[in-house]
Protein chains: 2
Amino acid sequence: MIRLSTKGRYGTRLMVSLAQHYHNRRESIILKKISDEEEISIRYLEQIIIPLKIARLVKSIRGAGGGYILARDPSNIKLREILLALEGACCLVECVDDEDYCDRIKECATYEIWKNASSLLKDYFENTTLQDLVEIADKKNPSVRK
Amino acid sequence: MIRLSTKGRYGTRLMVSLAQHYHNRRESIILKKISDEEEISIRYLEQIIIPLKIARLVKSIRGAGGGYILARDPSNIKLREILLALEGACCLVECVDDEDYCDRIKECATYEIWKNASSLLKDYFENTTLQDLVEIADKKNPSVRK
DNA sequence: AGAATTCTTATAAATTTATGTTGAAAAATA
DNA sequence: TATTTTTCAACATAAATTTATAAGAATTCT
Ligand code: FES
Ligand code: FES
C-alpha cells in the first residue's frame, strides 16, 4: 500500500552512495561508478540527479576528473530534504500540501487521515539524516571500505 | 512525497460513503449515487469496487433495488484492510513485504528506513476504523443527514 | 588535441488513470 | 410466467504519467 516511486528510491540510494564516498578526501564521484555499484541505469541516474542538483543537495563538476559531490556534510542533510527534492512536496495526497488541489476538503473525511499519516512520515524523515543511513550501511557491511 | 494512488483514495471515500448509508435500515446503495455525491466517474468506481468485493469488505446485490452494502459494521472494518485490498500488500517499497523483490536487502541501507516508515503507516491505518472516518465526516458536516 | 564526464534532448515501454459499450443476472411487476 | 427494469459484470480503449534507455553536444582536465 502506498508506494515510493523509483525516483525516490534510487535517488536516496544515490545520495547514500555519495555520502559513503564523502568521508575520504571529499573527492567527486562519477555516476558511472554509482551506476555499477547500485545496478541502476546511468541514463536514469542522470535524470534523477537533476532535481537533487537544483535543490543544492549535490554539486556537479563537469569535464574530465569531474563527477558529483554532496553539497553539505551527510549529518546536515535530512532524508526529508532528499525526498522533497525528488518527489515534490506532495504528501500521500496532493491536498495535504496544496489546499486548492481538492475542492472537497471541507467535507472530506479522509483528508484528516491522509494528513495525519503524512505527518508521521514527515516527522520520521525529518529526523533521519544521510549520516544515519551511512551508519546503517556501515553496520550491515562492516568489511566494505569505499 | 510518496503518493497514495487514486484507487486508494477513491476506494476509501467509496467505503466511507457506504458506511455513512449503513446506519439507517442498512439499505444497499447504487454506485451511481456515490458517483454523483463524490464526483467520481461511475466506470472508474466499478473498477475500484472489484477488489473490495473480492476482499469481502462489500457485498453486491444485483437487480432492481440492488446496489452495494458493507459486509460488516463500519467499526469492524480497519482502514488497513481497505488499503490492503485496493493497493496490495506493498508498503512504500515492495521489498518490505516481499523479501525476494530486491536482491540487495542485505547491503541496502535504505531498506531499514522504508521498513520503519511503512510500519508507522501500517500501525496508524491498523488503528483507524471506517467508523472513525464516519465520525470525522459527521463532525465536519453536522447538518448532513444521508 | 584528446579523453573523460556532465548536460541536453529524444524516444520507447510500462503502468496508472479514466471513460465507453455491451451484455448478463436478478428482482419487481403485471 | 413473461416482461420490464434495475443493476452489476466484462471487455475494450484512450489519455496521462512513470519508468527507462539512447545518442550526441558541451565542458573541463591533462
Ligand atoms: S482527498 Fe483531498 S480533500 Fe479528500
Ligand atoms: S530498496 Fe529493496 S533492498 Fe533496498
For nucleotides 6-15 of chain D, list the nitrogen or oxygen atoms of the protein found under 3.5 Å from its nitrogen or oxygen atoms, one pair per line.
from: D/dT6; atom 1: O2; to: B/A64; atom 2: N; distance (Å): 3.3
from: D/dC8; atom 1: O2; to: B/R62; atom 2: NH2; distance (Å): 3.3
from: D/dA9; atom 1: OP1; to: B/K53; atom 2: NZ; distance (Å): 2.8
from: D/dA9; atom 1: OP2; to: B/K53; atom 2: NZ; distance (Å): 2.2
from: D/dA9; atom 1: OP2; to: B/Y68; atom 2: OH; distance (Å): 3.0

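- One interatomic measurement links the two molecules: CD of A/E87 to P of D/dT17, which rounds to 16 Å at whole-angstrom precision.
- Among all heavy-atom pairs drawn from A/D73 and A/S75, the shortest one is OD2-OG, 2.7 Å.
- Between A/I48 and A/G11, the shortest heavy-atom contact is CG2-CA, 3.6 Å.
- Here the closest heavy-atom approach between residue A/P74 and residue A/Y22 is recorded as CD-CD2, 3.4 Å.
- No donor-acceptor pair closer than 3.5 Å links the side chain of A/S28 to the backbone N or O of A/Y68.
- Going from atom NZ of B/K7 over to atom C1' of C/dT17 covers 10 Å, rounded to whole Å.
- Summarising the geometry, the separation between CD1 on A/I69 and C1' on C/dT5 is reported as 15 Å, rounded to the nearest angstrom.
- Of the residues B/L57, B/L52, B/L130, the one that meets the side-chain contact (heavy atoms from CB on, under 4.5 Å) test with B/L70 is B/L130.
- A/K7 contributes no side-chain N or O that, together with a main-chain N or O of A/Q47, makes up a donor-acceptor pair within less than 3.5 Å.
- Contact check for B/R3 versus B/R9: side-chain heavy atoms found under the 4.5 Å cut-off.
- Dashed line: the shortest gap from a side-chain N or O of A/Y10 to OP1 or OP2 of D/dT19 is not under 4.0 Å.
- Here D/dA20 presents its P atom at 11 Å from CG of A/L45, a figure rounded to the nearest Å.
- B/Y44 has its OH atom 11 Å from the C1' atom of C/dT15, to the nearest Å.
- Note on B/S41: a side-chain N or O is less than 4.0 Å away from OP1 or OP2 of C/dT19.
- One interatomic measurement links the two molecules: CD of B/E39 to P of C/dA18, which rounds to 14 Å at whole-angstrom precision.
- Contact annotation: A/S5 side-chain N/O to D/dT18 OP1/OP2 distance is not under 4.0 Å.
- Side-chain atoms of B/S35 never come within 3.5 Å of backbone atoms of B/L31 as a donor-acceptor pair (strictly under, hydrogens ignored).
- Taking atom CZ on A/R3 and atom C1' on C/dT16, their separation rounds to 9 Å, with Å as the unit.
- In this structure a side-chain-to-backbone donor-acceptor pair under 3.5 Å is present from B/D132 to B/T129.
- Between the NZ atom of B/K59 and the C1' atom of C/dA25 there is a distance of 18 Å, given to the nearest Å.
- The bend of the helix from C/dA1-D/dT30 to C/dA30-D/dT1, defined by the angle between the axes of its first five and last five pairs, stands at 10° to the nearest 10°.
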